[in-house]
Amino acid sequence: MTIALPDTALHRRAGSLTRHINSGVVIFLVLFAAVALKQPSYIEPAGFMNFLRRAAPLGVLAAGQVFVLVSGGFDLSVGSLITLSVLGASMITGGDPSLTGAAIAALYGIGVAVGLINGIAVAFLKVPSIIATLGTLLSVNGVAMMWSGGSPRGYLPDNFRAFGRFVFRDVPLVGQLPLSVIVLAIVAVLAWWGLHGTVFGRRVFAVGDNPRAAELAGIRVDLTRISAFVISALSAVTAGIMLGGFGGVSTDVGQGLELQAIAACVIGGAQLMGGRGSITGVVFGALSLFALFTLLNLLGLPQALRDTAQGLILISAVASGAYRQRTGG
Amino acid sequence: MTLALQPARRRHRAFSVPLLLFIGSAALYLCAALWTQSLNQLSAEGIVGLLQRTVALGTVALGQTLVILCASIDLSVGSMISVGAVLASFIMRGAPAMMVPAVLVVLLVAAGVGAINGLVIAKLKVSPLIATLGSGLILQGVLSSGFNNFAGSVPPAFQAVAYGAIGPLPWSVLGLGLLALGVSWLLRSTRFGAHLYAVGGNAAGARLAGIRTDRVIVQAHTLCSLFAGLTGLYLASRLRSGAPWVGRDGVYDLESIAVVVIGGTMLAGGRGGVWGTIAGVLLFAVIDASFNMLGVPAFPKQVIRGAIVIAAVAVYSLRNKGHVA
Amino acid sequence: MKRIVLRCSAAALAVGLATGAGAQEFNSQKDFDYAQELLKMTPQGPEGKPWEQNLGGKQIDTSKYKKPGPYNICFSNAGVDNPWRVVGWTDMQAQADMLKSDIKSFTAADAEGKDDKQISDINSFVSSGKCDALIVSPNTTAALTPAVEAACKKLPVLVFDRGVQTDCPVTFVNPIGGYGWGITTANFIVSKLPKGGKVLGLRILPGVDVLENRWAAADRIFKANNINVVGAEFTGGDNAKTKTIVEDYINRFGKIDAIWMDAGATAVAAVEAFEDAGQPYPIITGEDQEDFLTKWKKEKLTAFAPTYPTYQWRAPVIAAVKILKGEPVVGPTWKLPQPVVTQETLDQYVDPNMPPLHYAMCGCKDMPGYPQRWGGK
Amino acid sequence: MTSVLSPALEMIGISKSFPGVRALEDVSFECRPGEVHAICGENGAGKSTLMKILGGIYRPDGGEIRIKGQPASFAHPVEARRAGIGIIHQELSLLPDRSVAENIVLGAEPTRRGVLDRTAMRAGAREILARLQSSIEVDARAGDLSLAEQQMVEIAKALASKPSILVMDEPTAALDDSEASRLLDLVRRLRRDSVAVVYVSHRMPEIAAISDRVTVLKDGRKVLTDRTEAMPTGRLVRCMVGRDLEEFFPPRGAADGGVLLQVNEGGNATISDINLTVRRGEVVGVAGLEGAGKSALARAIFGDRPFTRGTMQLNGQPFAPRSSRDGIRAGVGFLPDDRKREGLALGQSLRDNAALTLRAFARALALPSAGAMGNLTLDQRLRALDVRAARFDDPIRLLSGGNQQKVIIARWLARDPQLLIFAEPTRGIDVAAKAAIYAIIRDLANRGRGILMISSDLPEVVGVSDRVVVMHEGRIVGECPSGASEEDVMALAVGHGGSVAEPASACGS
């Protein structure tokens, strides 16, 4: 199109260097440094592990959501699905530890079903995902409440709750290692593999970038989209198991988490409308969001301002990303 | 002869969705009333009651229509409604003399918020979803840190906005009708309207045609926030006071987007209009009213409502050959 | 640049708004004293049926509402968005079934927590002409007042749980209320707390009058007794958030001796935070939710559970029928007794067969369909 | 010489850089009232950038624009428009859901007391269309028009503001001969009305026919400005390209393999009665005007918008693809005409774009760089096609059109399809890359693949193909053998082939 200047290569390399440093990592480091300044116990292994343990469900959720975002859509139904997972676990197990395995299997089955419904509504019924998943958000929550009658039947057995509560003590190096951090690590690795280490992941990027080009190149756009929704739903079920484990039964566990997950992804550099995003980024995006909440707690600011700070950080993360893209980063 | 056919085809395209929704909603309401023998719901009073349900969502949705037409979106309307309601009742504190200043302040703040939304989107190139999600969070946070309950109250004179009526027709329903006519006029008969469709349909093309697209986006967002502010005023009047959760609990952000899309306005912008949105709002009101008549329990109602949202959009988007995400 | 502008304007708005905070008064000496008085009273009414008892109420004449039965009763519900309301709503339906011979139809509209919708729901009940009496559980106090006033002109109205700012309803059924809750819980903590002990207050959300009153009364007593309240945080009723907040406080203060809660839904999560941190259990006040009672019994906690009894959902149905029969009812305010669960009475209320989010003070054991209807086995 | 008037427009020493590239360097030219000034150059020479600066879309880094001798600077297209500059853009910028009238007056809607004056709007639109001798109905929906009609609306749009300087950027690209000649008539009339016309075009005959002076750009710099009479086509091309055109088209092969593709009575909603044969080793060109059904034919064979009637055989086997995936699986490849919209994932890297089809058919959970999708293989393939990029993992949007097209070719070569369909293979591509792409096409044919090449560029179809199939109104109306003249093909394309007996013509219908 145009002539390259002699210093092009150099320029590009500098550009790509800044491009490869993920915004989520940077924001996390800044926020966590502030947290540590205020409360040094957070950089001790135990404090850090505790921090990770609480942030783990959001990290898992974001790692699934990013598949849908990269494919060009949204998944607003994950919050409701978390609620359904927790209530469902209570209904299925009824407090019986021997049913935990069956319950978890059933929950993943439900997750696959919800993901399929989302994906089919978007890919075949051509309903924009923001509307389709708003619909499933309402319906899934309704189903959860109908199933439990608003009063879930049983306690979550201890072996189920281990996913949110159990901590390995006396682990070398880190001292204690919560099971949920291990789950987060496994999910992150799996998601990283799925998005960055497989052909499928590249298809997700291509579909999000230009579905028509992907289709003409032979990619099954509909199947790719549906798979992305199923992955997001599976991660929501996982997050639901972790949150149920962490906090026990309640009927509103998932409320508002869908927007937090999307926020985490955006802070981590994922692009709405598709084609860009990384697992490392969004996991750090989730950690950033949690570091922000922690910081605000430590500063003793009113809870309400937490929203304000979240809003500011969202807009500035995206604005700076847009600025970098415009200036050829 | 193909040329002669084209206008007819166009009309069909523009009118079918609202008309279909109107007919569908009316049929649902009629069936529910007849099935449960709630014949009173078909009386003037019953119908007015039904229309009253459309006022709050209808007003926000009109604003939402404008931003969606120019391919933007506003997730901050819920928080803006709360801000409007709280500011109004807080400034009035029951004093009739403060009514005008309060309304002015609310509209000014709303316009300011909308303008900032528009500027962040147009100038900083932040995706509108994120920009308005963020600004909504900011507003909600600021509001909730200042207020934690119903603040102040509106004087009885101001309650006339929501409770007053001429004959059987409440002012508020009339007001929504006039607003809808106004927006429809704005879209059909002003340059702003033409430019709005242009920016939504093809932003690059609109710019080449000499349209200041940034300005149009800012104006659309300003109007959208103003409508949210008006909704806040209406709720303050109807609830006699404003609390920082009225917007959030009403889920006006997502519901307004849903009714706009159900009404046939494309999320991608450039196509759609007011009457579809109004029909979508009517559908939601009819669902509420009919489910009450039929005695559908709360939880199944949620399930059915979610399904209706998807189905209503799927009915006409199914024909869409292109990709949707 | 834009961001700075944005931030500045937000800050300006915050400052502007903050000056107006606390406009509504939740801390009234009069109501506090009245609650103290009610707590000392002996309930009148049928023994063992607290939902038909009252504290110092007067019977009012309802003969003007008398009409032949059976009746159509309508109910405008604020919502069923939490387990307390779910249990209460189940109570209410069961109560309506118990009075089947008098009640032809019992129609409910759920407002999903939206004031605006509830106003419309009430209006359409009134205009339907199909209701002989209307029961309202208002979503918020002030907002529903005009709608209730309008309804009063057409038919007998009964309000329960949250009130409205008008005397027009035939009766307003509610337990002693927030102040009573605050008084009993704070007194318990004061009596058990070691000297210099630290108390953490956990509240659901600001602005709900019942909840505000609970805190106001407790805070009053804490202050009067020089109790060291290290913080009062809003949990949003969310288990995970509750746990996080408690863990943060344990981290920050080393040890927390007592937890005061304005609602018990997340009490177990608060207790678990101590378990997970390897700390001894605190003194804690929760609520009559089964999961808390079970935990209390199992872990032998030093605990106390005030109640905001769900059996109050039964009273308005009973009263509605009475009113329509022209029989006297307690009014215009009907104060129900508000029992508490203590170490002594704990065993009465713990029931492993009931679901974790069930409220023990449901007064539902004698009702048709118990316990399956409430999710028990 | 013809005019002593002061220039209506002067662009003096214009420079413009984008991050990492210098698009224009010290370019100057002027255009007098009543003059048609042609701007020529390869794609990428900087013509578009120059016009975008003139239109207020870009701001120049250096230099000056003068309108009637007065310095001017435009921060927004609206300012250029106010200064009397009208631009017909190359990319269509119509609003498909709005009426023709609304499109024509867009940005300058007539109002009466603040209210849109629809009567005036339609009257104005009608008048402008009448000047263009176009019969387009002003109430029609723009999206329902044919491409040529849409191009007319674009032109009308530019004229609506009654510009004193009119910039026409490839205005005839989508027009047939008669429409193009009507347009040239209009330009002559505008010239008589003292409008200064800046005419950007590739079509040499047009430039010769209409322009007074020519400015040639190359690599962002001005080569020269001269009177058109002094610039015979040969010299012009040498100035633009730096070499002769003759070596442009690769020599034809002699290979005559068996039948690869056979279409019998194929048809769907847009095309009908399609009978077509493609042999191995053969390049079959498909010519026709815009909207004649060329693209629909390609899509039907590929399976994207399949035939609903008739049958096909590929390699002697029945072939009935229902989707592009079916087509690919059976051994067909397709390079779409609209690269940006249908060909490229712009935000993804060159390698990812090149591996797209391989990945579409690989196992979902395989490594993205497994086997042929490995970086080494991909890079080899890209280098073999002489793709020029700083880094192969840069996003492909940074590349020029020619390089982008080569990446898409690389994508298909990885699958090694039997039949490759090129739609407008060189649209928007510079001359050097064009030659390379022609060479690739011929090389593929020589290696026994069948090629179907859809093109609106007559010299290209005639120069590259072994056989040219001509379409008109959704049907194949004739066929020309190798070596047919452009005129022969055009005669068929405009629908005269059958009726007008032309003994000299090599084509049959």
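All values derive from a computational prediction rather than experimental measurement. Lettering follows sequence order; numbering is per chain, from 1. The figures here come from the full heavy-atom set of this structure, side chains too, leaving out hydrogens, waters and symmetry mates.
S288(A) contributes a side-chain N or O that, together with a main-chain N or O of F28(A), makes up a donor-acceptor pair within less than 3.5 Å. For N159(A) (side chain) and P97(A) (main-chain N/O), a donor-acceptor pair under 3.5 Å exists by modelled atom type.
Neither the backbone nor the side chain of S41(A) has a heavy atom closer than 4.5 Å to any heavy atom of chain C. At a 4.5 Å heavy-atom cutoff, F51(A) makes no contact with chain C through either its backbone or its side chain. Both the backbone and the side chain of V249(A) come within less than 4.5 Å of a heavy atom in chain C. Neither the backbone nor the side chain of R85(C) comes within contact range of chain A; no heavy atoms are under 4.5 Å apart. In this structure, the portions of R153(A) lying under 4.5 Å from any heavy atom of chain C include both its backbone and its side chain. Residue E290(C) touches chain A through both its backbone and its side chain, counting heavy-atom pairs closer than 4.5 Å.
A salt bridge links D366(C) with R314(C): at least one charged nitrogen is closer than 4.0 Å to a carboxylate oxygen.
Side-chain N/O atoms of T294(A) and R54(A) include no donor and acceptor closer than 3.5 Å. Looking only at atom types and distance, the side chain of E275(C) has a donor-acceptor partner in the side chain of Y281(C) under 3.5 Å away.
When the heavy atoms of residues 368-377 of chain C are compared with those of chain A, the residues falling under 4.5 Å are W374(C), G375(C), K377(C), listed by number.
For Q255(A), the CD atom sits in a loose shell: 12 or fewer heavy atoms of surrounding residues, nucleotides or ligands are nearer than 6.0 Å.
With sequence neighbours left out, the salt bridge (Lys or Arg N to Asp or Glu O under 4.0 Å) criterion links R162(C) to no other residue.
To the nearest 0.5 Å, the span separating CG on L202(C) from NZ on K241(C) amounts to 11.5 Å.
W84(C) has its side chain within reach of D161(C): a pair of non-hydrogen atoms, C-beta onward, lies under 4.5 Å apart.
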